[in-house]
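Only heavy atoms go into these numbers, but all of them, side chains included; no hydrogens, no water, no symmetry mates. Quick caveat: nothing in here was measured; it's all calculated off a predicted structure.
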Amino acid sequence: MSRLVVLAGPTAVGKGTLLRAVVDRDPNVWVSVSATTRSARPGERNGHDYHFVSDTEFDDLVSSDGLLEWATVHGKHRYGTPRGPVEQALAAGKPAVLEIDLDGVRQVKKTMPDALFVFVMPPSWDELVTRLEGRGTEDASERERRLATAREELAAVDEFDVTVVNDDLDTAVEELERIIAGAR
Ligand code: 5GP
């Protein structure tokens, strides 16, 4: 069995970019694909970025205990971690990573307290706002909603085992790679 790594951090901090870079460097790292009720953004692939599911399908996953954790994120859509693939990856001894929100982190802390909880921090609040505006995938009201969640998430940094500041990308990638490798 390997030790699960749970990654969280505020919107637009670059969790996805960091994780993709880690997997590029070490294809052995397994990253969970979440189920979500939000619709796909341009370029996102079903089964690769997310399992895009209907509300009914999500209800079925919840009622059949098919999710390790789930939450309504940014007050809008539901996201959850399919349980089976995580258990299989851990049983196979693979370095396994979840990228989830703070609600999900708190659930996994209860069910899998031995997991390693990693928080990705922006170099500053202003930089976070700039990154969110810069990626241009959310309108103003959605950005506001995400920044409100981000404030709560940043206040919860003490609940995590390790912090990675995503300032210089290469440095942060190396740091995260070391953390994931060390968790095995
Ligand atoms: P986005 O809509 O930008 O892809 O994701 C929004 C947020 O949803 C992410 O920052 C991530 O923290 C959270 N999220 C993604 N998948 C899951 C999941 O399976 N469970 C939980 N609890 N949160 C998730």
Practice prompt. Taking Gln107 for its side chain and Trp70 for its backbone only, find out whether a donor-acceptor pair lies under 3.5 Å.
Written response: yes
Practice prompt. Examine distances only and state if a side-chain atom of Arg143 and a backbone atom of Glu133 form a donor-acceptor pair shorter than 3.5 Å.
Written response: no
Worksheet item: Is Glu142 paired with Lys76 through a side-chain N to carboxylate O contact shorter than 4.0 Å?
Response: yes
Worksheet item: Applying the 4.5 Å side-chain criterion to the ILVMFWY set and letting contacts propagate, would Val13 and Phe119 be lumped into a single cluster?
Response: yes
Worksheet item: Donor-acceptor pair, Arg78 side chain versus Thr37 backbone, under 3.5 Å?
Response: no
Fill in: Between Asp139 and Ser141, a side-chain donor and acceptor under 3.5 Å
yes
Discussion item. Any heavy-atom pair between the side chains of Trp30 and Val86 that's under 4.5 Å?
Written reply: yes
Worksheet item: What distance separates Ser54 OG from Asp60 CG, expressed to the nearest 0.5 Å?
Response: 7.5 Å
Practice prompt. Taking only Lys NZ, Arg NE, NH1 and NH2, and the carboxylate oxygens of Asp or Glu, determine whether Glu175 and Arg178 approach each other closer than 4.0 Å.
Written response: no
Discussion item. Within the 4.5 Å heavy-atom criterion, are Glu159 and Lys109 side-chain neighbours or not?
Written reply: yes
Worksheet item: In this structure, which one of Asp24, Val22, Asn166 forms a side-chain contact (heavy atoms from CB on, under 4.5 Å) with Val173?
Response: Val22
Practice prompt. Would you check if Val5 and Val29 make a side-chain contact, meaning some heavy-atom pair closer than 4.5 Å?
Written response: no
Fill in: Heavy-atom check, side chain of Thr111 versus side chain of Glu69, under 4.5 Å
no
Worksheet item: For the atom pair CE (Met121) and CD (Glu127), what is the distance rounded to the nearest 0.5 Å?
Response: 13.0 Å
Practice prompt. Please list, chain by chain and in numerical order, all residues satisfying ring-ring contact (aromatic ring centres under 6.0 Å, His included) with Phe117, sequence neighbours excluded.
Written response: none
Worksheet item: Just wondering, do Glu138 and Leu132 contact through their side chains at under 4.5 Å, heavy atoms?
Response: yes
Worksheet item: Among the clusters formed by ILVMFWY side chains lying less than 4.5 Å apart, do Leu102 and Val97 turn up in the same one?
Response: yes
Fill in: Polar side chain donor-acceptor pair, Arg135 to Thr137, under 3.5 angstrom
yes
Worksheet item: Hey, is CZ on Arg41 packed in by over 12 heavy atoms from elsewhere, all under 6.0 Å?
Response: yes
Item to complete: Determine whether Leu98 and Val62 fall in the same hydrophobic cluster, where Ile, Leu, Val, Met, Phe, Trp and Tyr are linked whenever their side-chain heavy atoms lie under 4.5 Å apart.
Response: no
Practice prompt. Would you check, one step at a time, whether the test side chain to side chain contact (heavy atoms under 4.5 Å, CB included) holds for Val164 with Val118?
Written response: CA-CA 7 Å; Val164 174; Val118 182; 4.0 Å; yes
Fill in: Ile180 side, atom CD1; Leu18 side, atom CG - distance, nearest 0.5 Å
9.0 Å
Worksheet entry | Hydrophobic cluster identity match, Val23 and Leu90, side-chain contacts under 4.5 Å | yes
Worksheet item: Should Ile100 and Val6 count as side-chain neighbours, where that means a heavy-atom distance under 4.5 Å?
Response: yes
Item to complete: Please step through side chain to side chain contact (heavy atoms under 4.5 Å, CB included) for the pair Arg45 and Tyr50, ending with a clear verdict.
Response: CA-CA 7 Å; Arg45 284 182 287 150; Tyr50 283 104; over 6 Å; no
Discussion item. Would the distance check show the side chain of Lys15 and the main-chain N or O of Val120 forming a donor-acceptor pair, the cut-off being under 3.5 Å?
Written reply: no
Discussion item. Taking Leu19 as the starting point, is it possible to reach Leu116 by hopping between hydrophobic residues whose side chains are less than 4.5 Å apart?
Written reply: yes
